[in-house]
Structures are given as structure tokens and as C-alpha cells.
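Input: a single structure, listed below in C-alpha cells.
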Number of protein chains: 4
Amino acid sequence: MVNRGKSGKEIISETVSSRIKNPKLVRKKHLLIARKAAKLFKEKGYHRTTMRDISRATGMAMGNLYDYISKKEDILSLVFDAYHDYAQEYMDAKEPPASEDPREELRSFIRRSLNNVQDLRDLILFMYRESRLLPKENMDRAMAKELAQIRTLENIIRKGIDQGVFPDMDPFFAASMIFYQNIFLTLRGWTFAGKYTDEEVRALIEEYILRPFHI
Amino acid sequence: MVNRGKSGKEIISETVSSRIKNPKLVRKKHLLIARKAAKLFKEKGYHRTTMRDISRATGMAMGNLYDYISKKEDILSLVFDAYHDYAQEYMDAKEPPASEDPREELRSFIRRSLNNVQDLRDLILFMYRESRLLPKENMDRAMAKELAQIRTLENIIRKGIDQGVFPDMDPFFAASMIFYQNIFLTLRGWTFAGKYTDEEVRALIEEYILRPFHI
Amino acid sequence: MVNRGKSGKEIISETVSSRIKNPKLVRKKHLLIARKAAKLFKEKGYHRTTMRDISRATGMAMGNLYDYISKKEDILSLVFDAYHDYAQEYMDAKEPPASEDPREELRSFIRRSLNNVQDLRDLILFMYRESRLLPKENMDRAMAKELAQIRTLENIIRKGIDQGVFPDMDPFFAASMIFYQNIFLTLRGWTFAGKYTDEEVRALIEEYILRPFHI
Amino acid sequence: MVNRGKSGKEIISETVSSRIKNPKLVRKKHLLIARKAAKLFKEKGYHRTTMRDISRATGMAMGNLYDYISKKEDILSLVFDAYHDYAQEYMDAKEPPASEDPREELRSFIRRSLNNVQDLRDLILFMYRESRLLPKENMDRAMAKELAQIRTLENIIRKGIDQGVFPDMDPFFAASMIFYQNIFLTLRGWTFAGKYTDEEVRALIEEYILRPFHI
DNA sequence: GATGAATGAGTGTTCATTCAT
DNA sequence: CATGAATGAACACTCATTCAT
């Protein structure tokens, strides 16, 4: 849930500047704030969550909170950054020894991604809902991260097409569709509530996504 | 853009009650409010749109506005209801003479749906973002309408499977996936900005969605 | 205490814009706010006077107050404008039939000015103290009004010099000195507290100011 | 820039008490604080200068700052005291061998005073603006210092009247007027901006002030 | 039915001051 | 003695809602 800066030191959010001098403390509190705020945001949305709520949840006094951020919007950035860092780590950590079979690679990517999505369901939902409130800089960053994931997928697909194991298709577009289908159950999971278990849903989506790739 | 109640009378909203007696007037104003508010909501989001904004946009005095609704939330309901009514009409109006070929039926449904989505892009985006703010009753209604559409799709698919023109699959699940893939370009339009035209995107989605249905 | 606009209609403050439509009401409330706020500002200074204080003093609810102004600073402008309008009227109203004798004209100007200053002592003191907080536009206006008064004085003095009844001197500079001497007892009246009555102070200043004009 | 107490020990402030034992250190830090705070106060005013600003400017940690003062107001006192001490020194240091000619003595006093005022222009302006914020005790002390200077002037004038070189007048009143005319250019410097150089202004004021003393 | 002024609780944010180390 | 993080009351300002006409 942290960036690794050039020097190898852990950094969370280069954009949110704090008045506090001790960088270790800043990182720690930024993480605390992001964690607690994320919970509140998920439950009540950004606008309905007050700074007082966040103060209470973090156990930090109002003024102290503002020692670590300079506006409420910063907390939004903190939450997004923390998620992206975490998601990156999640995908990196579970990366299997790169298979030579594109079909296997694709399945592996989807499976990891679906697990991640299911774990962070509410957070992702929140992010999709309120990303427009992000300051442009963070928005751009978020979009770049998403694009990077899509590019990874695109490469896998392109390789599959080249090797003749996938049918011919627009690889970037297909990658985008897959990426979005991954998120699908987050946005509309309720459709399946009661009908299928989480396990089943994951399996169904995986199968459905892979279907167009059978020759 | 109106419901037909059981009695055949036009109703725009069963949930939003107004102090005004004249039902024709109520309907007219509710529509006016929904239309103007939708525009504002799309642009600035629900929370950032003030009652004063809506008063100004509709040309109705604050007090008069509150003669037709009782809380701001009501306007959200009005907007959602108006959309659903409109979408229903849209799909109904363009419904072709039911083809006997499930493949054609499916393609036709998707095409109409994609057009609808592209026309109302911003509104749909807004609704996905702020639906959680809806009072439960409206939320349930919105979900029911979505489910109805999915059921229509499900039937087409089931027929195709039965006739052996579609491969075997879970028809409800497939219908759900299709339905949300339709919405895909709304949520992630920016991914394609500059890469493809709207036409191309529609064609690509259509093709991609239909791919799993080739035997 | 009001401006006369081009049309002859009374206007108070063209700079402070309000959300209220009825201009009569706006004028009335602006005046009320200026009057009550001036009192508070004089007593506690601008910064120590809170919007709640002003709300309480005017009997207007916080929100209503903000219907007539858009920021606290506006109230400062209101106070300054009201004073300047009043001072203008004061000087105009008591303007005697322009005497032909510059000496008499000068004495009359000084006397009126001193009376005005003594009446509005605390207000003027406040204004000299906090004028730097004014938005530039108002500041410029205030300076222009002051300059206009100095110019009037300058003209009287120049006439006197031309007629040979005043000794040779820089008329603009002398006018400035006189103007400031008028205000003097506002800023440092306490020096005389207990020593002289207000009457006596006025007479002493008048005499002192006029002294350099004896040949 | 320090007082000499009765015992001959240097004291910078009798009113501002510090928690620190070492009196040398206290004096040093009080002076540092007064110097840095004065700069900030002149630029931004008392209220807009935060304790953080002062901490930063002095290089003292917040808590350490509060070891030497007990409230923000104390810093105001420190600034005023430092100024008065400095002004006293300024006048004392440049005091010429007391001339026997009251006219010369008067001119000398005014000249020194005008130089002082021009040097400390911004500081004096600040003090006039914010003196009301001083605790009563300091206010009284400041007034006493002013009065002392006025008394000095009064004596010169009285001597001149007695010797028949000045026309008859109320010597205390005249002394007061002179004293405040000195300050004039501080308060209304902008009136002359571009019209006269600083040199010219000083000469004009000097001449103007002395005018009533010609027989 | 319509108008628009009035209400006041609630929001984000600041900042003098304290306190643990 | 020094450091700087922590405290929380107070502030300016907003806005959904009501009410008098």
C-alpha cells in the first residue's frame, strides 16, 4: 500500500503536502487517514462524510488532521493513491512465473484481478463513483495506472493473436473490455445476490470473459 | 416520458408527492424540474447542485418549487423516474417486428441499446454515480426496470440456445453481462477518446458482445 | 448617508452585490448592516467582530445576512461607503453661500470639518485604523474622496494667495496639512482629555490651523 | 534598544514574563522576537500574523517561543516596548548641545523627529493602527512616553514665548500639534507619492510646522 | 398557486495554545 | 532549554428548507 520512491524509501502520496516535519510520521498518518476515510467514504460517500467524522474515526483532533493535509480533497487523493499502490502490489506480488502460453497468462491475469476486485469491492465502487471529484493531477495519475493495466492485458492478447491461439481482434479494445468486465461485478453485483455464490460468480465471469478467445 | 398507471392515467412519479391539487400542472412541472435538474446534475453532480440553481434553471421561485416536491432528494427520484420512463419508451418505440432469428433479435436489441446509451451518455453516467443517494423505494424500482430489460435479453438468449444457434451457457448471466457491456462506453469513454470514433466504438462493442454467441 | 445615482435614485454601495431582488430592501438592509457593524467595529475592531456578532446586532439570521453581502469584507466596504456618503452630505448641506473672502471660506471649511470629525470621532478613528483591510477598489474610492476634499481646500488657499491675503506657500501641501490637522484630535484626542473641553479643543485647533495664514 | 531599569540593569520588558531563568537569554530572545515580529506585523498586520509565522521567522520552535512569552499579545507589547526604547535612544543620541536659541532648538527637535519618523515609517504606522490591541498597562506606558516627548517640546516653546521670540500661544497645545504633524507623513504618505521626494516632504513639513512661530 | 426573503444548523478550515519527549 | 506534534474552540460561509405576503 505504499510507493517505492527512487531511493527505495516508502512514500505515500507525493502530492499531498503536510506541515509535519517527520516523514515517517507523515506516512503513518496518511495511511491511517486513508484507511479510516476510505471506510467512511464507502459507507456514506465523500460529500456526506464530514471532516469531523474523519477526525473522530482517526482519533486525530481537527487541527492535527489539517497538519497532514491542506484540504478535504487531499484525503480523497490519499485514498486513491493508497488504493493504487495497493493494487499495484497485489498484482505484482501474485504475478506467476510468466507462462509461455498466452491463454494461461490471460486466465491468470483475470483471476488475480477478479480476486482483487472482490476483496476491494466497496472501495472500487466508491472510486468509480467519486473519481470525478479528484483534482486533475490525481485523476490523470489514476487514469495512467488504469491504462498501464490495460496495456499489460493488450500485450498478452497481441501475443496470443500472433501465436494464432486467439482469433483476430483489436487487442487494445479487447483488453479494455476485459478490464471493465472485471469490475462489472463491483458495479452490479446485486443482480446476482442470492442467485450465485461469490465463487460461482467469479467462475462464470472468468469463463464468459475467455469465451471470445476460443478459436 | 411518463408512466401509464394501472388506471391508464399518466403519472410521472408515484413517490414524489406535491402540495398542488391540479394533477396536470403537477405532471408538467415535475417534468420541467426533472429536465432542468438532470442537466445541472450531469454537469455538477447532485451535491454541488443547489436548490437555488434548480430554482433559477426552472424559473420557479424557491417556495413554488417546494410546492411540487418536499425535499431535494425528490428531485433525484424525479430525474431517475423520467429517465426510466424515457428509456422504456425508447426501447418500445424502436422495437422491430419480432424476428424469428434469435441472432438477429439479439443484435437488434444490442444496437438499440447502444444507441440509447450513446444518446444519454451523461445522464446514465450520472445515474450510475449517484444512484446510491436514491431513497430505497426508488432504488428498488430502478433495479426492477433494469431486471426487466435483462429478462428480455435472457429470453432471447434462451431461445437461441434451445434452437441450437447459440452455444450452451447460463442465459441469465450472459444477459447480465451483455446489458452492462452496453454501458461500458459510458463509464470508460475516455479510454477511447481520439482512438476511435463513436461509430467505431459502437461497432466494436457490438461485435465483441456477439462473439461468444458464435458456435 | 446615501449616494445619489445618475437617475436621482438613492443608491448605497454599487460595489457590494446582493442576492436579494428588491433594491429598496437592499438599500435599507445595507444601511442597517453598515450602522450596526460600524458600532461593533468601533468597539472591537474589524477582526474581533464576528459575523455572528453582526447577525445578532442586526437581528438578521446568518444566512439572511449573506443574502445581502457575499463576504465579511463587504461589510467593511459598506461602512466606508456609508461614511463617505454621509460626510459628503454633511459638507454639502452646511456649505455656506460661497463667501468672497478666502479667509472666511477657509475658516468655514475648517469649522464644518471639525464638527463633522468630532461627531464621527470613533468611526473615523476606526477607518484610519482598518482602511488597509479594504479591497483595493474601495480603497481607491476612499482615497479619491479624501483627495477631492483636499482639492477644495487647495482652491481656497490658492485664491487667498492670489488675492494676497495669504502668504506665499505650496497650496496643495498646505491643504493636506490642514486636512490632517482636522483629523488629529481623533487620533490623539486623549492627550487633551480632562485638560480642555471639546469646545476649547475645536477653537484651539481652528486658531492653530489658521495661524500660518496670517500675513 | 533597551530600558535601563532603576538598578541600571538592562530590561527589555517589565510586563512580559518568561518561564526561562537566564535573564540574558530572555533579553536576547525577546529582542529577536520583537525584531522579527515587527517585520511581520508591518507587512501583514497583527491579526494576520500567526504564531507559526513568528516561530518560523525567529527560528524558534512553537513551544520554545511560549517559554519566553505567555500569549500572542505579549509579542505586541515586546514590539511596542522595543520601539519606544529605540526612539528614546534615537532622540537622546542625536541631541545637540542645548542651544540657547529656542527657535534653533525647536527646529533641531523637529528635524530629528522627522528623520526618525521617516526611518521607522512602517513601524509607526503599524503602531498607530494596532495600539488599541495593547493591554492597558502597555498602553499607559506608551502614552506616557509620548507625553514625555510632548513635554520636552512644550518647554522649548514656553521658553521661546518667554523670550519673546515666539508669539503668544498655548504651549502644551502647540507642542501636541507639532508632535502629531511630525507623524503626518507616515499616515498620509500616499498623498504625496510622485509629487514630492522624501527630502522635499521633510523640508515642507518643517517649514510648515515652524510657520506659526514667526512673529 | 406564486414569490422571494428569512432561518439556522452544519461545513471546512484556522490558529493560539499546550504537552509529551 | 528546545522541539514540534496535538488540541479544540472559534470562524466565515453555505444551503436545504420554511414562511409571510
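Basis for what follows: all heavy atoms, side chains included, without hydrogens, waters or symmetry-related copies. Note on naming: letters A, B, ... go to the chains in the order of the sequence lines (proteins, then strands), and numbering restarts at 1 for each one.
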Starting at [atom1] of [X] and ending at [atom2] of [N], how long is that distance when rounded to a whole Å?
X	N	atom1	atom2	answer
B/Met51	E/dG8	CE	C1'	18 Å
B/Lys71	F/dC15	NZ	P	20 Å
B/Met62	E/dT7	CE	C1'	12 Å
D/Asp53	E/dT14	CG	P	13 Å
B/His47	F/dA16	NE2	P	9 Å
A/Asp67	E/dT17	CG	C1'	13 Å
D/Leu65	F/dT3	CG	C1'	12 Å
A/Glu73	E/dG12	CD	P	13 Å

Record whether the side chain of B/Arg19 comes under 3.5 Å of the base of E/dG1 through a donor-acceptor pair of N or O atoms. no

E/dG10 base / C/Arg52 side chain donor-acceptor hit below 3.5 Å: yes

When you check the gap from the basic side-chain N to the acidic O, do A/Asp81 and A/Arg141 get nearer than 4.0 Å? yes

Quick test of your reading of the model: are D/Arg52 and A/Asp67 salt-bridged, counting only N-O distances below 4.0 Å? yes

Verify the contact: side-chain N or O of [X] to OP1 or OP2 of [N], cut-off strictly under 4.0 Å; return yes or no.
X	N	result
B/Lys29	E/dG1	no
C/Asn22	E/dA5	no
D/Tyr66	E/dT17	yes
A/Tyr68	F/dA6	yes

For F/dT21, the Watson-Crick or wobble counterpart (both distances under 3.5 Å): E/dA2

Could you please name the partner base of F/dC11, counting Watson-Crick and G-U wobble pairs only when both distances are under 3.5 Å? E/dG12

From the options [options], select the nucleotide whose nearest atom is closest to the side chain of [X].
X	options	answer
B/Asn64	F/dC13, F/dT7, E/dT3	E/dT3
D/Thr50	E/dG8, E/dA16, E/dA5	E/dA16
A/Lys21	F/dG4, F/dG8, E/dA5	F/dG4

Mind checking C/Ser18 for me? I need base, sugar-phosphate or nothing, with any heavy atom below 4.0 Å counting as a touch. nothing

Could you check whether C/Ser55 gets within reach of a base, just the sugar-phosphate, or nothing at all, counting any heavy atom under 4.0 Å? nothing

Give, for atom OH of C/Tyr68 and atom NZ of C/Lys29, the distance between the pair rounded to the nearest 0.5 Å. 5.0 Å

Under 6.0 Å from the ring centre and within 45 degrees of the ring axis: does the NZ or CZ of D/Lys72 meet both conditions for the six-membered ring of D/Tyr46? yes

When the nearest nucleotide of DNA chain F is assigned to A/Met60 and to B/Arg48 on a heavy-atom basis, which residue is associated with the more 5' position? A/Met60

Upstream residue (5' side of DNA chain E) when C/Gly59 and A/Ser70 are each assigned their closest nucleotide: C/Gly59

What do you reckon, is CZ of D/Arg132 surrounded by more than 12 foreign heavy atoms closer than 6.0 Å? yes

Do we see a donor-acceptor contact under 3.5 Å between the side chains of B/Asp53 and B/Thr49? no

